[in-house]
Structures are given as C-alpha cells and as structure tokens.
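Here is the structure we will look at.
Just so you know, these numbers come straight off a predicted model, no measurement behind them.
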Amino acid sequence: MTHAPQATALYERHEAYIPRVAAIHDLCGYGKCSLGVAIPVLSAAGCDVCPVPTGLFSSHTAFPGWYMHDTTDILSDYLAAWQGIGVELDAVYSGFLGAPEQVDIIKQVWDTYPDALRVVDPVMADHGKVYPTYTTELVAAMGTLADGADILTPNLTEAAIILGREWEGADVDGETVRSIMGALRERGAKNVVLKGIEHGDGLIHNYVWGDSVDFTETTNAKLPYMLHGTGDVFASTLLAAVMAGRDLACATAFAADFTADAMVVSAKQPDFEARGVSFEPLLGKVTALLG
C-alpha cells in the first residue's frame with residue numbers, strides 16, 4: 001500500500017461521544033449484505049446506527065425466487081417522525097435503493113442534516129451488468145447522488161454508468177483510473193474511492209482521491225472466488241474507520257484488508273459462495289479502531 005503524503009480526517013471523533021449514522025439500505029433476510037452488514041460493522045466501531053430500509057428482501061438477488069417489498073411509500077413519514085423527536089445525525093450512508101423517488105428522499109435527508117457526512121455507495125451494478133431490480137429511471141437518478149457526496153465508493157461498472165461511459169472491464173490501466181476518478185470529482189463528488197480494479201497482476205487494486213487526500217492506491221491478493229456482498233462490507237468498514245477518526249487513505253486500506261480477510265474466513269463455511277461474506281469473527285478488528 002502507498003500512503004498519500006497528505007490526508008485529512010473527514011470526521012473528528014470525540015472519545016466519549018457516540019456518533020449517529022443513518023444507514024439507508026435494503027434489509028435482506030438471507031445472504032449477508034446491505035443493512036445486515038452496515039448495522040453490525042458500524043456498531044462495532046462505536047456508532048449508533050439508525051436504519052432506513054429502502055426495501056425488504058427475502059434473500060439477495062443471486063438466489064432464485066427472491067421476494068422484494070418496496071418501502072418507498074413509508075419513508076417520508078418514517079423520516080418525518082425522526083424530525084418530530086429531534087433526531088440528529090453525524091453521517092448519512094446510502095446504498096441499494098428500491099425506486100428513483102428514494103433518491104429524492106436521500107437528498108431531503110441531506111438538506112435536513114446539512115452538517116452530516118454524506119457517504120454514497122452507488123449500489124446498482126457490477127461486472128458490466130445492472131442489478132435486476134434497477135430500472136432505467138432508478139439508474140439515472142442514482143447517478144445524481146454523486147453530486148454532493150463527501151465520499152463516493154463505486155466499482156468500475158457503477159462509475160461508468162454515472163459518467164455515461166462504456167464499461168471497459170475490470171482490467172484498466174492507471175491513466176483510465178485517474179480519468180474516471182477525475183471525472184467523478186468534476187461531477188461533484190468531493191472524495192472518490194474506486195474499488196475492485198484489476199491490472200492483470202494477480203492483485204485487486206483500490207484507489208482513493210479527493211479534496212481530503214492525494215491520489216492513493218491499496219492492493220490485496222486476488223482470491224480465486226467471488227462473493228456477494230463484498231462491496232457492502234468494504235463500504236461499511238471504510239465508513240467505520242472514517243467515523244473512528246481515520247483519514248480516507250487509511251480507511252480505504254483498512255476496508256480492503258478487512259474485506260479480503262473476511263473472504264478468507266468465508267471460504268471455510270458451507271455453501272460459502274451463496275451465503276455471503278462471513279465477517280463476524282473479525283468484528284474485533286473494527287472495534288480496535290477505537291483504541
């Protein structure tokens with residue numbers, strides 16, 4: 001890993017204070033992802049996690065016969081009730097969304113809590129394919145969240161969609177990486193973490209660049225299998241490190257290492273390729289960020 005020579009923490013942690021994070025994601029009954037990852041990971045980092053469920057799933061969509069319930073109609077009243085009791089937020093962390101109207105709801109939350117850190121994981125596609133629940137309208141709306149995000153964490157497919165570019169595959173050169181990240185910053189993202197890049201060297205590369213950090217790269221060995229939910233683990237552990245007071249370069253390195261370690265743990269479980277990332281035995285590493 002190469003550390004940036006200059007990096008500024010995006011959140012100043014005060015030892016006795018427990019920061020409050022709104023996690024705007026779907027809730028999945030089986031197959032660990034979304035809120036099933038965000039709640040335990042951020043809680044392990046000493047955060048008060050306030051879930052905002054964008055949809056209810058029986059399982060993640062890699063399983064056949066999954067059921068989804070769209071929660072769009074309840075979210076305005078749900079969040080208005082928070083205002084009624086004076087809920088305050090230190091960060092707003094959004095991921096998988098169920099309808100384009102939910103993008104407007106996130107922007108309303110941003111307006112309601114203007115001092116909260118805005119973290120956007122634009123969960124909508126991977127390996128050149130859009131997820132099956134995403135309509136053309138939702139994809140277009142999701143891209144608008146790049147404008148104003150304090151931290152944007154796309155993979156290459158999602159970055160290409162946001163920028164209206166063709167997906168060139170996971171193996172791209174450094175010049176292309178800089179071009180993509182620069183364009184996302186011009187789009188309005190203050191800091192960009194571009195994840196899951198391959199350069200044909202047997203490594204997975206993650207890059208971070210933005211207002212708070214110089215261009216930085218982290219690397220981990222590429223494992224011979226893929227798991228559903230690794231993006232959620234990465235983004236959640238990255239935010240956990242940020243809320244523990246780490247700068248974005250350190251947080252990206254922590255998230256990459258944690259995700260890789262969790263994938264190794266996962267491979268020891270039965271049916272591991274379907275059930276998701278087994279991160280639970282490693283949560284002590286997240287808590288140790290507070291030490």
Side-chain angles (χ1 to χ4, degrees), residues 21-42 49-63 65-76 78-79 91-110 118-146 149 151-162 189 193-196 226-240 255 259 274-277 279:
V21 179
I24 309 176
H25 298 252
D26 66 286
L27 179 61
C28 186
Y30 183 76
K32 286 170 286 187
C33 57
S34 305
L35 286 175
V37 174
I39 293 173
V41 167
L42 289 166
V49 187
C50 304
V52 182
T54 58
L56 305 178
F57 282 80
S58 58
S59 67
H60 64 61
T61 57
F63 287 103
W66 49 268
Y67 166 80
M68 175 194 177
H69 175 74
D70 183 351
T71 61
T72 302
D73 290 345
I74 72 167
L75 291 182
S76 292
Y78 183 104
L79 292 165
V92 178
Y93 168 33
S94 62
F96 183 97
L97 303 182
E101 293 80 7
Q102 293 182 356
V103 172
D104 293 330
I105 290 171
I106 290 173
K107 292 177 181 178
Q108 290 170 16
V109 175
W110 286 0
R118 302 173 180 180
V119 183
V120 177
D121 187 17
V123 181
M124 57 180 165
D126 203 0
H127 304 293
K129 296 182 179 179
V130 175
Y131 294 143
T133 60
Y134 270 68
T135 63
T136 301
E137 293 77 15
L138 178 52
V139 167
M142 179 73 97
T144 67
L145 289 176
I151 305 174
L152 182 71
T153 63
N155 58 38
L156 276 171
T157 306
E158 291 156 350
I161 291 171
I162 291 170
V193 179
L194 189 63
K195 58 195 181 186
M226 300 293 292
L227 295 178
H228 187 93
T230 52
D232 295 328
V233 172
F234 181 94
S236 295
T237 50
L238 183 146
L239 179 55
T259 303
R275 60 188 285 185
V277 188
F279 59 86

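- Here the side chains of Ile161 and Met142 are not in contact, with every heavy-atom distance at 4.5 Å or above.
- In this structure, Lys195 and Thr153 have side chains that are in contact, with non-hydrogen atoms separated by less than 4.5 Å.
- Of the inter-residue distances, the one linking Thr133 atom OG1 with Asp26 atom CG reads 8.0 Å to the nearest 0.5 angstrom.
- Sorted by first and then second residue, the salt bridge (charged side-chain N to carboxylate O under 4.0 Å, His left out) pairs with a member in residues 28-39 read Lys32-Glu280; sequence neighbours excluded.
- With sequence neighbours excluded, no residue forms a side chain to side chain donor-acceptor pair (under 3.5 Å) with Ser94.
- Of the inter-residue distances, the one linking Leu27 atom CG with Ser58 atom OG reads 11.0 Å to the nearest 0.5 angstrom.
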Next item on the list: May I have the step-by-step check of side chain to side chain contact (heavy atoms under 4.5 Å, CB included) for Ile151 and Leu238, ending in yes or no?
Entry: CA-CA 10 Å; Ile151 305 174; Leu238 183 146; 4.2 Å; yes
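- The shortest side-chain heavy-atom distance between Leu79 and Gln108 does not fall under the 4.5 Å cut-off.
- Here OG of Ser34 is found 8.0 Å from CZ of Phe57. Values are rounded to the nearest 0.5 Å.
- By the ring pair (Phe, Tyr, Trp, His ring centres under 6.0 Å) test, Tyr30 pairs with Phe63, sequence neighbours left out.
- Here the side chain of Ser236 pairs no donor or acceptor atom with the backbone of Val41 at under 3.5 angstrom.
- In this structure, the side chains of Pro40 and Phe279 come closer than 4.5 Å at one or more pairs of heavy atoms.
- A side-chain donor-acceptor contact under 3.5 Å links His60 to the backbone of Ala274.
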Next item on the list: Could you walk me through whether Tyr78 and Ile105 pass the side chain to side chain contact (heavy atoms under 4.5 Å, CB included) test, one step at a time?
Entry: CA-CA 11 Å; Tyr78 183 104; Ile105 290 171; over 6 Å; no
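- Just one residue in the list Thr72, Leu145, Asp70 forms a side-chain contact (heavy atoms from CB on, under 4.5 Å) with Leu97, and that residue is Leu145.
- Atom CG in Leu75 sits 9.0 Å away from atom CD1 in Ile106 (nearest 0.5 Å).
- Atom-to-atom distance recorded for Thr157:OG1 and Met124:CE is 9.5 Å, nearest 0.5 angstrom.
- Between the CD atom in Gln102 and the OG atom in Ser76 there is a gap of 10.0 Å [rounded to 0.5 Å].
- Under the 3.5 Å distance criterion, the side-chain polar atoms of Thr54 are matched with a main-chain donor or acceptor of Phe96.
- Looking at Tyr93, its side chain never comes within 3.5 Å of a backbone N or O of Asp121 through a donor-acceptor pair.
- Counting only distance, with no hydrogens or angles, the side chain of Thr71 and the backbone of Ile74 share no donor-acceptor pair below 3.5 Å.
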